[in-house]
Amino acid sequence: MNTFAVLGGDLRFVYLAGTLAEDGFSVITAGFDHTDLPHCVTGCTHMAQAMRGADFVVLPLPVPPTTAIIFPRGISKEAWLTASVSAVS
């Protein structure tokens, strides 16, 4: 089964996570600490934990070129960089 990590964003991404889960995919989220998630979605407090077992990562913004970094709303720059480096290592 494919697993999606949905990292941050607004309520559209919460809806997306719920739709993916209803379609039979495993979904883990991070960055939605104060949002009610659909019952079929697993929420994590750390992005590295959500990305660790994911086959696909859904970000709220396009991945920028290497000359610029855009950070999702609601996630500190330090947490984003730490989780990204940890997940890739």
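These figures come from a predicted structure and were not determined experimentally.
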So how far is it from [X] [atom1] to [Y] [atom2], rounded to the nearest 0.5 Å?
{"X": "Leu7", "Y": "Ile28", "atom1": "CG", "atom2": "CD1", "answer": "10.0 Å"}
{"X": "Met47", "Y": "Arg52", "atom1": "CE", "atom2": "CZ", "answer": "12.0 Å"}
{"X": "Thr3", "Y": "Leu20", "atom1": "OG1", "atom2": "CG", "answer": "11.0 Å"}
{"X": "Phe32", "Y": "Asp10", "atom1": "CZ", "atom2": "CG", "answer": "8.0 Å"}

Specify the closest pair of heavy atoms between [X] and [Y], including all atoms of both residues, with the distance to one decimal.
{"X": "Ala54", "Y": "Ala50", "answer": "CB-O, 3.8 Å"}
{"X": "Pro60", "Y": "Gly9", "answer": "CB-CA, 3.6 Å"}
{"X": "Gly43", "Y": "Thr29", "answer": "CA-OG1, 3.5 Å"}
{"X": "Gly18", "Y": "Pro38", "answer": "CA-CG, 3.6 Å"}

Original post:
Of Leu37, Val41, Val58, Asn2, which meets side chain to side chain contact (heavy atoms under 4.5 Å, CB included) against Val27?
Top reply: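 The option that passes is Val41.
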
With hydrophobic residues grouped by side-chain heavy-atom distances under 4.5 Å, do [X] and [Y] end up in a single group?
{"X": "Val14", "Y": "Leu16", "answer": "yes"}
{"X": "Leu59", "Y": "Phe13", "answer": "no"}
{"X": "Met51", "Y": "Phe56", "answer": "no"}

Subject >> Asp23 atom CG, neighbour heavy-atom count above 12 within 6.0 Å >> reply: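 Above 12, so yes.
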
